[in-house]
Amino acid sequence: MAKVNRARSTSPPDGGWGWMIVAGCFLVTICTRAVTRCISIFFVEFQTYFSQDYAQTAWIHSIVDCVTMLCAPLGSVVSNHLSCQVGIMLGGLLASTGLILGSFATSLKHLYLTLGVLTGLGFALCYSPAIAMVGKYFSRRKALAYGISMSGSGIGIFILAPVVQLLIEQFSWRGALLILGGFVLNLCVCGALMRPITLKEDRTTPEQKHVCRTQTQDFKRGSSYSTWTKEWVQTCLCGSLQQEYSFLLMSDFVVLGISVLFMAYGCSPLFVHLVPYALSVGVSHQQAAFLMSILGVIDIVGNITFGWLTDRRCLKDYQYVCYLFAVGLDGLCYLCLPMLQSLPLLVPFSCTFGYFDGAYVTLIPVVTAEIVGTTSLSSALGVVYFLHAVPYLVSPPIAGWLVDTTGSYTAAFLLCGFSMIFSSVLLGFARLVKKMKKNQLRFLAKESDPKLQLWTNGSVAYSVARELDQKDGESVAIAVPGYSST
């Protein structure tokens with residue numbers, strides 16, 4: 001692993017080994033997100049064994065989810081500075097160790113540290129690098145590839161939930177955690193599949209190489225070897241991190257980050273409060289559980305089909321708009337939920353919300369890549385998932401507090417709905433303002449320096465549009481027959 005062979009390609013291959021990357025990312029989402037969701041199955045066992053209340057036991061799931069998202073940037077840093085393969089393998093070892101040590105826990109505090117912090121840290125090292133790797137291998141079919149990869153969460157929950165329950169019944173919760181620890185070791189296999197690829201935009205430019213060479217020579221001339229080594233490492237590390245996270249200063253990414261905070265706040269409480277709400281309106285326990293099953297299955301359908309649809313030629317240029325549409329529709333579903341008080345009305349809600357929930361989850365990496373590019377995608381996704389952490393941690397308790405205070409679920413659901421709608425409107429407004437500014441700049445440029453000029457060369461007229469290409473700060477000269485510019 002010390003020397004990683006990199007596949008060289010000028011552009012994403014959109015197939016080939018890329019489908020193995022998709023398969024590896026699919027398994028990563030099963031071993032991380034699906035296993036995290038299945039931890040809730042152990043709640044009753046933990047409560048009974050340790051004689052603790054629901055609130056203290058529920059912290060285990062919150063810590064795993066929060067640490068996974070909070071440490072997502074760390075996963076990106078490890079992946080960028082070592083390799084995606086090393087990062088995911090290391091994460092698999094840490095996550096497996098946490099689950100195995102958790103099987104020997106003698107108190108909830110032990111589970112907080114092992115099953116919560118250690119396993120969550122391992123998942124963080126795996127999740128965002130695997131997703132970013134899919135973006136490097138796909139361009140035309142990116143949304144479809146992400147749809148298949150992200151569907152591992154829903155499919156994993158659908159399969160693992162009954163299996164985990166069976167393991168608990170057969171081997172107790174300790175034996176079940178031990179077996180899950182062995183299962184999560186498959187992350188090391190997934191990591192081995194992540195063959196690095198060097199794209200055209202990833203390669204170091206001659207100017208960057210010259211700067212590094214000049215800095216190295218200056219350090220060698222002006223200091224001793226030990227001092228030079230220390231200063232050179234500090235300079236390279238700071239410069240590398242500064243380059244990796246330069247997207248943080250982009251206005252588009254800042255707006256995306258703020259939007260993600262509101263979106264994450266809105267999407268999380270439903271998965272905690274849907275079943276209690278259904279029970280409060282007279283739906284039976286089995287029917288309430290059925291609603292959650294529908295939500296999970298339709299989520300998978302949304303992952304795959306919406307990814308495939310937005311990769312079609314007619315929607316390829318509108319993936320950003322499709323993301324806004326999906327988030328906004330989930331918000332509208334929330335606003336309608338307090339009026340739905342019977343099973344025949346809640347089933348269509350679960351189908352609609354589940355579909356568009358899977359839809360926008362698929363497009364999060366696509367929208368992020370559109371803003372920052374594939375070179376910074378791993379670091380950017382780390383920050384995006386980091387921003388999910390705090391809303392995931394606080395939104396379900398806030399919704400529960402509103403239910404306790406008001407005596408109904410209406411205020412909690414309305415707050416979540418407006419939060420998601422605001423997230424969609426904010427991104428749409430930012431995109432509209434950006435487009436208006438571009439049009440205004442074009443108009444001003446046309447007024448100050450008319451682009452259209454006419455020259456006559458014999459009997460032939462030439463119309464030439466003088467354009468300035470702002471890319472890389474270079475102007476483009478256009479040759480015109482019979483005309484010489486001063």
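Contact of the Leu270 side chain with the Phe349 side chain is registered, since non-hydrogen atoms from C-beta on lie closer than 4.5 Å. Counting heavy atoms from C-beta outward, Thr114 and Thr119 have side chains that stay 4.5 Å or more apart. Contact check for Phe183 versus Leu99: no side-chain heavy atoms found under the 4.5 Å cut-off. Within the 4.5 Å cutoff, the side chain of Asp357 has heavy atoms near those of the Tyr360 side chain. Side chains of Lys109 and Leu113 form no contact here, defined as non-hydrogen atoms less than 4.5 Å apart. Side-chain atoms of Tyr137 and Trp19, non-hydrogen and from C-beta on, never get closer than 4.5 Å to each other. Proximity of Ile131 to Cys25: side-chain heavy atoms (C-beta onward) are separated by under 4.5 Å at one or more points. A 4.5 Å side-chain heavy-atom check between Val134 and Pro365 finds every atom pair outside the cut-off.
A donor-acceptor contact closer than 3.5 angstrom links the side chains of Thr106 and His110.
Between Tyr323 and Met263, the shortest heavy-atom contact is OH-CE, 3.8 Å. Of all heavy-atom pairs spanning Leu346 and Leu340, the tightest one is CD2-O, 3.6 Å. Among all heavy-atom pairs drawn from Ser149 and Thr29, the shortest one is O-OG1, 3.0 Å. For the pair Phe386 and Leu70, the tightest heavy-atom approach, listed with the atom from each and the gap, is CD1-O, 3.1 Å. When all heavy atoms are compared, the tightest approach of Leu118 to Leu94 is CG-O, 3.7 Å. When all heavy atoms of Leu402 and Ala412 are compared, the closest pair comes out as CD1-CA, 3.9 Å.
Panel note: side chain Thr32, backbone Ala124; no donor-acceptor pair is recorded below 3.5 Å. No side-chain donor-acceptor contact under 3.5 Å links Ser96 to the backbone of Gly92. Checked by atom type and distance alone, the side chain of Ser103 pairs as donor or acceptor with a backbone atom of Ile100 at under 3.5 Å. At least one donor-acceptor pair under 3.5 Å links the side chain of Thr362 to the backbone N or O of Gly358. The main-chain N or O of Leu337 is found under 3.5 Å from a side-chain atom of Tyr277 such that the two form a donor-acceptor pair. Asp330 places no side-chain N or O within 3.5 Å of a backbone atom of Val327 that could act as its donor or acceptor partner.
Under the 30°/60° scheme for interplanar angles, the aromatic rings of Tyr334 and Phe413 are found to be tilted.
The CE atom of Met194 sits 6.5 Å away from the SG atom of Cys190 when rounded to the nearest 0.5 Å. The CZ atom of Arg33 lies 12.0 Å from the SG atom of Cys126; values are rounded to the nearest 0.5 Å. The CE atom of Met133 lies 8.0 Å from the OG atom of Ser83; values are rounded to the nearest 0.5 Å. The distance from atom CG of Leu111 to atom CD1 of Ile60, rounded to the nearest 0.5 Å, is 4.5 Å. Put simply, CG on Leu160 and CG on Leu180 are 7.0 Å apart, with the number rounded to the nearest 0.5 Å. For the atom pair Asn186 CG and Cys31 SG, the distance stands at 5.5 Å (nearest 0.5 Å).
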Item to check | Test log, rule side-chain contact (heavy atoms from CB on, under 4.5 Å), inputs Leu329 and Tyr355 | outcome: CA-CA 10 Å; Leu329 273 183; Tyr355 183 83; over 6 Å; no
Next on the checklist: Set out, in order, the CA-CA distance, both residues' side-chain angles and the distance that settles side-chain contact (heavy atoms from CB on, under 4.5 Å) for Val366 and Tyr320, then state yes or no.
Outcome noted: CA-CA 8 Å; Val366 178; Tyr320 193 94; over 6 Å; no
Next on the checklist: Pair His388, Val384 - check side-chain contact (heavy atoms from CB on, under 4.5 Å), show working.
Outcome noted: CA-CA 7 Å; His388 282 69; Val384 167; 3.9 Å; yes
Next on the checklist: Run the side-chain contact (heavy atoms from CB on, under 4.5 Å) test on Leu335 and Leu414 for me, step by step, so that the C-alpha distance in whole Å, both residues' side-chain angles and the decisive distance to 0.1 Å come before the verdict.
Outcome noted: CA-CA 5 Å; Leu335 300 185; Leu414 290 180; 3.7 Å; yes
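Scored by the ring pair (Phe, Tyr, Trp, His ring centres under 6.0 Å) test, Phe42 finds Phe46 as partners (sequence neighbours excluded). Tyr49 is linked by a ring pair (Phe, Tyr, Trp, His ring centres under 6.0 Å) to Trp173, counting only residues two or more places apart in sequence or in another chain. Lys434 pairs by the salt bridge (charged side-chain N to carboxylate O under 4.0 Å, His left out) definition with Asp252, not counting sequence neighbours.
Residue-environment remark: CZ (Phe262) stays at or below the threshold of 12 foreign heavy atoms within 6.0 Å.
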